[in-house]
Structures are given as structure tokens and as C-alpha cells.
Amino acid sequence: MTRALIVIDMQRAFDDLSFWGTTTNPSCEANVEALVKAWQSSGEEIVVVRHDSRSAESPLHPESPGNALVRGVAAVDPALFVTKNVNSAFYGDPDLHEWLSARGISELVVCGIQTNMCVETTARMAGNLGYDVTVVLDATRTFDLSENIPGLGVVTRTADELMASTAVTLQGGGFARIATTADVLAGSA
């Protein structure tokens, strides 16, 4: 096999909208599960990535119930399970790049949470490392974001705007192709 599905941070903490705020794409989890089932049926490699925050206050801290994977992903017996405490799955344990290289895997299909954070960072790094990357946009989701930026003031973007920005940046910048779950399952992406 030369292709792997990379499932990023599908953790229960992201269901806590009182912590994260407004989200988008309620179909994300079902689309991730559909991709996982397709990969299981084909016998292709699945990599599951979990974010283990170092902050004791974070709902993604290993001692928090929110650290647990969502049901559909928790049931997966992945070929590789990576834990990380930064945005990129390539800076996790065990070493994702080393594992992929040892197996001759050159094509990555990426999904998970958050679109503009860990999914985008992992896809950018994968593209820079020479992988053929597809990000399944409707199998990702994120949250509204507002920050006070020096020189700009308060900048606010909705989750939909952030997903669109990630898509245009990844595809326009040559890091990854953007696809839908239906395209990937039909083999047209």
C-alpha cells in the first residue's frame, strides 16, 4: 500500500462548545467514520493521531475525559497511533515521517479537527516533505476565532471562513488537494 488515512485529533473535548465556541460542519464525524470504514474495507493503512495537551486546564490534557477519541475513531485498530502536543502530527511520537517512509507510503489523505490548526499544519508539513496530500475538507471542522492582532485590531473569522481560507491556502499554495468525502469514496480524488 502506498496510501494512508491520517485521522487527526478526533477527540471528545471538541464537542464542548461552551469551551471552543461556535463550530461548523456537523457532518465531520460521520464523514470521518465513512473514510475509516472505507480504509478498513480496503486494508489500507490508518494512522490515528491524538493531541495530548501539556496544560492541566485543557480539555485535551491526558487526564481529562475530553482527551478520549470519539466513538467511531476509538473503535479503530490503527496501523499507527501517534500522540502529539503541538499542531503537526509530524512532531509526535512515534515519528510519523519515519514510519511512512519505512513502508513506502507516499500518498496521505488527511481529516480531523481543527481544520485551520492541526489538520492544516500537518498537511503543510506533509506537502513540504514531498507527500501527495489530499485534505478531505468536509471531514474536518473548526471553530470561530477572534484575536487582537497588533496593527490590525480585533480580527474575527467564522469557522466557515477559516475552513475556506485553509482550503484555498492548501490547494492554492500547492501543499494539498482539497476533496470531499464523496469524491474520495468514489475514487475520483
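Reckoned from all heavy atoms, side chains included, excluding hydrogens, waters and symmetry mates.
- In the hydrophobic clustering of this structure, L80 does not group with W39; members are Ile, Leu, Val, Met, Phe, Trp, Tyr whose side-chain heavy atoms approach within less than 4.5 Å, directly or through other members.
- Follow the hydrophobic side-chain contacts under 4.5 Å out from I113 and you reach V73 in the same cluster.
- Placement of V135 and M125 within a single hydrophobic cluster is found when ILVMFWY residues are connected by side-chain heavy-atom separations under 4.5 Å, directly or transitively.
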Check the pair F90, V82 against side chain to side chain contact (heavy atoms under 4.5 Å, CB included), reporting the backbone distance first and the verdict last. CA-CA 9 Å; F90 286 97; V82 176; over 6 Å; no

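- Each salt bridge (Lys or Arg N to Asp or Glu O under 4.0 Å) pair with one or both residues in residues 76-86, not counting sequence neighbours, appears once here: D9-K84.
- The heavy-atom pair separating A56 from H61 by the smallest distance is CA-CD2, 3.6 Å.
- For the 3.5 Å distance criterion, the side chains of T115 and T140 qualify, holding a donor opposite an acceptor.
- Using a 4.5 Å cut-off on side-chain heavy atoms (C-beta onward), I105 and T2 make no contact.
- Side-chain contact between V36 and L5 is present, with heavy atoms from C-beta onward closer than 4.5 Å.
- S41 meets the side chain to side chain donor-acceptor pair (under 3.5 Å) test with no other residue; sequence neighbours excluded.
- Residue pairs satisfying the salt bridge (Lys or Arg N to Asp or Glu O under 4.0 Å) criterion with at least one member in residues 62-72, sequence neighbours excluded, are absent.
- Legend: side chain to side chain donor-acceptor pair (under 3.5 Å) pairs involving residues 172-186, not counting sequence neighbours, sorted by first then second residue: D132-R177, T134-R177, D138-T181, T180-D183.
- Between E45 and L100 there is no side-chain heavy-atom pair separated by less than 4.5 Å.
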Contacts table for residues 163-173: side-chain donor-acceptor under 3.5 angstrom, sequence neighbours left out:
unit_1: S165; atom_1: OG; unit_2: E161; atom_2: O; d: 3.1
unit_1: T166; atom_1: OG1; unit_2: E120; atom_2: OE1; d: 2.7
unit_1: T166; atom_1: OG1; unit_2: L162; atom_2: O; d: 3.2
unit_1: T169; atom_1: OG1; unit_2: S165; atom_2: O; d: 2.8
unit_1: Q171; atom_1: OE1; unit_2: I178; atom_2: N; d: 2.8

Do any side-chain atoms of residues 13-20 form donor-acceptor pairs under 3.5 angstrom with protein atoms, and if so which ones, sequence neighbours left out?
unit_1: D15; atom_1: OD1; unit_2: R141; atom_2: NH2; d: 3.1
unit_1: D16; atom_1: OD1; unit_2: S18; atom_2: N; d: 3.2
unit_1: D16; atom_1: OD1; unit_2: S18; atom_2: OG; d: 2.5
unit_1: D16; atom_1: OD1; unit_2: F19; atom_2: N; d: 3.4
unit_1: W20; atom_1: NE1; unit_2: A13; atom_2: O; d: 2.9

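- Listed here is the closest heavy atom pair of L69 and V49: CD2-O, 4.5 Å.
- Between the side chain of T122 and the backbone N or O of V119, no donor-acceptor pair lies under 3.5 Å.
- The nearest pair of heavy atoms linking V154 to S146 is CG1-OG, 3.4 Å.
- Minimum interatomic distance between A126 and L108 (heavy atoms only, all atoms of both residues): CB-CD1, 3.7 Å.
- Linking ILVMFWY residues whenever their side-chain heavy atoms come closer than 4.5 Å, directly or via other members, leaves V48 and L96 in distinct clusters.
- The side chain to side chain donor-acceptor pair (under 3.5 Å) check on T24 picks up D160, with sequence neighbours excluded.
- The closest donor-acceptor contact from the side chain of S64 to the backbone of P59 lies under 3.5 Å.
- Residue pairs meeting the side chain to side chain donor-acceptor pair (under 3.5 Å) criterion with at least one partner in residues 88-97, sequence neighbours excluded, are H97-Y131.
- Note: L35 CG to I6 CD1 = 12.0 Å, rounded to the nearest 0.5 Å.
- Counting heavy atoms from C-beta outward, C111 and V7 have side chains that approach closer than 4.5 Å.
- Looking at Q11, its side chain does come within 3.5 Å of a backbone N or O of H51 through a donor-acceptor pair.
- In this structure, CG in L145 is found 12.0 Å from OG1 in T22, a value given to the nearest 0.5 Å.
- Residues meeting the side chain to side chain donor-acceptor pair (under 3.5 Å) test with E147, sequence neighbours left out: none.
- Grouping the Ile, Leu, Val, Met, Phe, Trp and Tyr side chains by contacts below 4.5 angstrom, directly or via other members, places L129 with V133.
- Under the side chain to side chain donor-acceptor pair (under 3.5 Å) criterion, N67 pairs with R50, D52, not counting sequence neighbours.
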Run the side chain to side chain contact (heavy atoms under 4.5 Å, CB included) check on V47 and W99 step by step: do they pass? CA-CA 10 Å; V47 175; W99 185 87; 3.7 Å; yes

